Amino acid sequence: MKTAENKALMVLFEPVWKNNPVMVQILGICSSLAVTVQLKTAIVMALALTLVVAFSNLAISALRNMIPRNIRIIAELCIVATLVIIADEILKAFMYDISKQLSVFVGLIITNCIVMGRAESFALANPPFLSFLDGIGNGIGYGSILVTVAFIRELLGSGKLLGFDVIPGAFYSAGYENMGFMLLAPAAFIIIGLLVWLHRTLFNK
Amino acid sequence: MENIISIFINSVFVGNILLAYFLGMCSFLSVSKNMETSVGLGLAVTFVLAVTTPINWMVYQYLLAPGALKWAGFPDIDLSFLKLVTFIAVVAAIVQAVEMIIDRFSPFLYSSLGVFLPLIAVNCAILGAALFMVERDYNLMESFAYGTGSGLGWMLAIVAMAAIRKKLGYADVPKGLEGFGITMISTGLMAMAFMLFSGITM
């Protein structure tokens, strides 16, 4: 019993930092970076992705003995697409503004390599509960990178966090200026590059 | 006409689908190690984008958009929430068909492009272009220009990256930064260079 609990904890927490999907497995950078200009959109995106990965892992793992091997990709795509449509409709219904800002990027969760990658490499070989935890763990791992990048970009780029001013006005009168570069696309690439450097140095790889 | 040219140029340079919208990163990072495969994948992506974007436009306009089923006698039906599933299915089907057609008529092209075609079905750039085309209300010609331009822009980026990575092979990169890290940072620098085009007004 003890080892089973340990295994569940490991499955949940390993992808959060040590085996982070973005940093180590290099998955799912695609649709993620464009939403990191503001912290708010990044958090919503991270939540949406975590739910989609967790439930697609759960569903695929529950069906894993029923899906024939040679059509599994199509079956997986259908499950993922259905979940993404549900997420998209929920966002449209309850958070219309944010759903407008996220525009096509919620839809692009379908082709996000994390979802398919976890389904292929974990959910097809493990029982539903562990797969669900694996999905939550990977979602949090991905979300933490997204939120870190968004934190840096919003703080340095517009001097705000979650839309509130955090840099005191005195700084501006003393000559401090927001770094407009942080709001542009190249900054996201460079921040990710530096975060990878940090991660690899800490884990001595 | 002028409008179409401006959409085309814009999607190749200023609104580059990879460097400005971050789409198609996965295959970009894994394939750009090698020059020849980059050119091959770039060509395949351009081709598939040029074909699928207009077809998805037609599917959306005549089957899915609000009121699109008027010709069948159902003016009140709005199926636009199905666009994600439909676009993915259309892309996968077309990729499969293109693969068979190329195999039948041009074995040479098949042997150089063939291995990349299945990879493309899950490339975010293809689905992304279809979704952007809907969101920006392009018409048929515009979506063709947009698809072709995005494909060429993606190819330009991946070929340039392959060249940079070849040069980087001789560079002395700090240990933790090797591989993925330095690739992201050089992509960032390249994206900065592409941003300069945004000063051009048309």
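In what follows, every chain begins at residue 1, and chains take the letters A, B, ... in the order their sequences are listed. Computed from a predicted structure; not experimentally measured.
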Could you tell me whether B/Tyr138 atom OH has more than 12 heavy atoms of other residues or ligands within 6.0 Å of it? yes

Show the numbers, then the answer: is there a side-chain contact (heavy atoms from CB on, under 4.5 Å) between A/Leu108 and B/Tyr21? CA-CA 12 Å; A/Leu108 287 170; B/Tyr21 293 102; over 6 Å; no

Determine the minimum heavy-atom distance between B/Leu19 and A/Phe189, stating which atoms define it. O-CE1, 3.6 Å

So what's closer than 4.5 Å to chain A heavy atoms on B/Leu18: side chain, backbone, both or neither? backbone

How many angstroms lie between CG in B/Leu127 and CD1 in A/Ile109, if you round to the nearest 0.5 Å? 11.5 Å

Straight-line distance of A/Thr82 OG1 to B/Leu82 CG, nearest 0.5 Å: 10.0 Å

Do B/Phe87 and A/Ile110 come close enough that some side-chain heavy atom pair is under 4.5 Å? no

To the nearest 0.5 Å, how far apart are CD1 in A/Ile192 and OG1 in B/Thr183? 12.5 Å

Taking all heavy atoms of B/Met195 and all of A/Pro186, pick out the closest pair and write down the distance. SD-CD, 3.5 Å

Is A/Ile191 in contact with chain B via its backbone, its side chain, both, or neither, using a 4.5 Å heavy-atom distance? neither

How long is the span from the CG atom in A/Leu194 to the CE atom in B/Met184, to the nearest 0.5 Å? 10.5 Å

A/Ala187 versus chain B, the contacting section by heavy-atom distance below 4.5 Å: neither

Distance (rounded to the nearest 0.5 Å) between A/Trp197 CH2 and B/Ile185 CD1: 7.0 Å

